Amino acid sequence: MSTSTFTKKSMGADGVEPAVTPPPAAEVPTTFAKKPKLASKSRKREIPEGLWTKCPKCTTMVLDKELDENLKVCPHCQHHFQVGARERIHSLVETCTFEEMDADMTSVDVLSFTGTASYTDKLEEYQKTTTLKDAVITGVCKLGPHRCGLGVMDFGFLGGSMGSVVGEKLTRLIERSTTGGLPLVIISASGGARMYEGMFSLMQMAKTCGALAYHAKARLPFISVLTHPTTAGVMASFASVGDLIIAEPGAMIGFAGPRVIKDTTQAELPPGFQTAEFLLDHGLIDTIVSRKEMKPQLISYLDFLTSGKRATASAA
Ligand SMILES: [Zn+2]
């Protein structure tokens with residue numbers, strides 16, 4: 001062992017040369033060899049997951065913080081990302097004016113639904129991940145100077161599906177608005193009726209519309225706001241019977257999905273079918289309002305729709 005090390009050292013007579021050559025050799029290659037690697041690695045590390053979101057429309061990477069500050073609207077192409085019910089309420093109502101109703105109402109597995117997972121397990125899972133009890137939050141709030149009933153659906157909870165709880169909470173909200181003489185705003189985002197509750201889900205369509213008929217009879221305004229996506233049982237009931245129907249840009253709105261319609265009608269669907277813009281052109285909705293303009297626009301619509309009531313009140 002020692003001999004071998006000795007021979008190596010004696011070979012180190014070359015060691016004189018390295019003493020001269022290494023400095024440039026050591027400096028130049030290491031700086032060139034290592035730095036580009038470090039640079040490429042550090043660039044990757046600069047984009048940790050969960051801090052950026054890729055916009056599905058313009059494919060730009062947008063900083064999550066920037067997206068949150070912009071009400072989840074892409075600052076480059078104005079694509080409207082989905083927003084949770086709580087964030088939506090926060091962006092609309094006057095601070096500390098939202099009085100939530102029926103906050104603890106939860107669904108029951110009436111049909112003993114069996115599938116890959118039981119309905120009760122599914123509900124528990126979504127209640128944990130979304131911290132919501134069901135797919136809608138309802139309450140009375142102030143929107144600018146107007147006290148009004150507000151219901152906001154959350155697509156993140158089982159696709160915003162309408163089961164007995166969503167239907168019951170909305171019906172109670174509508175009835176409270178009727179008895180309190182309040183205008184009503186419902187913001188929808190839903191895949192339709194909740195299949196886990198079968199017929200009980202479908203009954204909510206008639207129930208919510210029945211309550212809305214009494215609200216209309218009391219000559220109170222109802223503004224329906226459709227966000228991406230509002231489809232099926234929700235679109236076929238309360239969401240499409242507003243005195244004023246507003247949609248967010250690019251929102252998908254319809255009853256059955258485009259593939260089902262295409263298969264049934266055996267007809268080619270026109271471009272832009274079931275988008276908010278297409279439906280505005282064809283008269284199903286009244287206007288398209290971007291999310292950043294939603295609050296001032298809702299207030300101005302409420303100003304207009306309640307002006308008659310205020311005038312009679314002041315005359316009396
Ligand atoms: Zn974009």
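Note that ligands are numbered from 1 as they come in the structure, with each ligand's atoms numbered from 1 the same way. These numbers were taken from a predicted model, which means no experiment stands behind them.
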- Message: We want to know whether Ser237 and Gln204 form a side-chain donor-acceptor pair, criterion being a heavy-atom distance below 3.5 angstrom.
- Response: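 Gln204 and Ser237 do not have a side-chain donor-acceptor pair below 3.5 Å.
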- Message: Is the ring pair Phe278/His282 parallel, tilted or perpendicular, if the boundaries are 30 and 60 degrees?
- Response: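 The arrangement is parallel - the two ring planes meet at less than 30°.
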- Query: In Å, rounded to the nearest 0.5 Å, how long is the span from CZ of Arg86 to OG1 of Thr131?
  - Reply: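 Going from the CZ atom of Arg86 to the OG1 atom of Thr131 covers 4.0 Å.
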- Task: Give every residue pair that meets the salt bridge (charged side-chain N to carboxylate O under 4.0 Å, His left out) criterion with at least one member in residues 114-129, sequence neighbours excluded.
- Result: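 Counting only pairs at least two positions apart or across chains, no salt bridge (charged side-chain N to carboxylate O under 4.0 Å, His left out) contact touches residues 114-129.
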- Task: Please list all pairs passing the side-chain hydrogen bond (donor to acceptor under 3.5 Å, both in side chains) test where one or both residues lie in residues 217-233, with sequence neighbours left out.
- Result: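 As it turns out, there is no side-chain hydrogen bond (donor to acceptor under 3.5 Å, both in side chains) pair with a partner in residues 217-233 once direct neighbours are skipped.
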- Message: Restricting to under 2.8 Å, identify the protein N, O or S atoms around the Zn ion (ligand 1) as residue plus atom.
- Response: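 Checking every protein N, O and S atom gives Cys55 SG, Cys58 SG, Cys74 SG, Cys77 SG.
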- Query: With sequence neighbours excluded, what pairs up with Phe157 under the ring-ring contact (aromatic ring centres under 6.0 Å, His included) test?
  - Reply: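 If we apply the ring-ring contact (aromatic ring centres under 6.0 Å, His included) test to Phe157, skipping adjacent residues, the hits are Tyr126.
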